Asks: 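This is the structure I want to talk about, given as C-alpha cells.
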Amino acid sequence: MALLDMLGRRWVLRILWELREDSLTFRELREHCDAMSPTVLNQRLRELRDAGIVVLNEPAGYALASSGRQLLEALMPLQRWAEQWQGTIAAQEQTKVLVEENDASTAVKTPGKAKPGAKAKRRLP
C-alpha cells in the first residue's frame with residue numbers, strides 16, 4: 001500500500017517516466033514536467049530518494065536507482081495495456097464518426113413524407 005500511495009502522488013509517475021532513459025538535472029526535469037513547481041519537484045525527488053527509487057549522481061543529475069529501474073520494468077505491462085486500450089478507444093471513436101457521417105449523408109428528405117415521429121396534419125376538404 002505504501003508503494004501505491006507514493007505512485008499515486010501527483011507527478012511521481014511522470015518523474016519516473018522522464019528518468020527512464022537517462023539522468024536529468026533538476027532544471028532538465030523541470031523543463032520536461034511543464035507545470036510542476038520547483039517546490040513540488042524537490043519534494044517528490046526527496047521522497048523518491050528516501051524510498052531508494054531515485055539517486056542523485058553529481059553532476060549528471062537524478063537517475064533511477066536499480067530498484068527504480070525494476071519498478072519501471074514492473075510497470076511496463078500497464079504501459080502496453082494502455083497503448084492497446086488507446087487503440088481500442090480510437091477505433092471506437094472512428095467507428096462512431098463514420099456511423100454519424102453515414103447517417104447524416106443518408107438522411108435525405110423525401111417530399112410528401114412526414115419525418116419519423118412527426119404527427120400527420122389533417123387537411124380539410
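Any value given below was found using the heavy atoms of this structure, including those in side chains, with hydrogens, waters and symmetry copies removed. No experiment lies behind these values; they were computed from the predicted model shown.
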Asks: Taking salt bridge (charged side-chain N to carboxylate O under 4.0 Å, His left out) as the definition, give me every residue that meets it alongside D34, ordered by chain and number, with sequence neighbours left out.
Replies: none
Asks: Identify whether L75 and W11 are in the same connected component of the hydrophobic contact network (ILVMFWY, side-chain heavy atoms under 4.5 Å).
Replies: yes
Asks: With a 4.5 Å heavy-atom cut-off, do L71 and L7 have their side chains touching?
Replies: yes
Asks: Do V55 and R49 make a side-chain contact, defined as non-hydrogen atoms from C-beta onward lying under 4.5 Å apart?
Replies: no
Asks: Roughly how far, to the nearest 0.5 Å, is the CD atom of E83 from the OG1 atom of T88?
Replies: 12.0 Å
Asks: With a 4.0 Å cut-off, would you call R69 and E73 a salt bridge?
Replies: no
Asks: Can you name the residues that form a salt bridge (charged side-chain N to carboxylate O under 4.0 Å, His left out) with E47, not counting sequence neighbours?
Replies: R9, R44
Asks: Same cluster for L16 and L78 if Ile/Leu/Val/Met/Phe/Trp/Tyr side chains link at under 4.5 Å?
Replies: yes
Asks: Can you tell me how far the CG atom of L3 sits from the CE atom of M1, to the nearest 0.5 Å?
Replies: 10.0 Å
Asks: Is the cationic atom of R14 (NZ for Lys, CZ for Arg) positioned less than 6.0 Å from the six-membered ring centroid of W17 and within 45 degrees of its normal?
Replies: no
Asks: Are the side chains of L24 and H32 in contact, using a 4.5 Å heavy-atom criterion?
Replies: yes
Asks: Residues sharing W81's hydrophobic cluster, by side-chain heavy-atom contacts under 4.5 Å among ILVMFWY, directly or via others?
Replies: W85, I89
Asks: Looking only at heavy atoms, what is the nearest atom pair of S37 and R30, with distance?
Replies: C-NE, 4.2 Å
Asks: List the steps and the verdict of side-chain contact (heavy atoms from CB on, under 4.5 Å) for L48 and M6.
Replies: CA-CA 8 Å; L48 290 167; M6 183 175 50; 3.9 Å; yes
Asks: First locate atom CD of E18, then atom CD of E31, and finally report the distance between them rounded to the nearest 0.5 Å.
Replies: 11.0 Å
Asks: Find the distance between CD (E28) and SG (C33) and round it off to the nearest 0.5 Å.
Replies: 12.0 Å
Asks: Distance check, rounded to the nearest 0.5 Å: M76 atom CE versus R20 atom CZ?
Replies: 8.5 Å
Asks: I'd like to check Y62 versus N57 (side-chain heavy atoms, cut-off strictly below 4.5 Å). Are they in contact?
Replies: no
Asks: Give, for atom CG of L29 and atom OG of S23, the distance between the pair rounded to the nearest 0.5 Å.
Replies: 9.5 Å
Asks: Could you check whether atom CD of Q86 has more than 12 heavy atoms from other residues, nucleotides or ligands sitting under 6.0 Å from it?
Replies: no
Asks: Is any side-chain heavy atom of L41 closer than 4.5 Å to a side-chain heavy atom of I15?
Replies: yes
Asks: For residues P77 and A74, report the shortest heavy-atom separation together with the two atoms involved.
Replies: CD-O, 3.2 Å
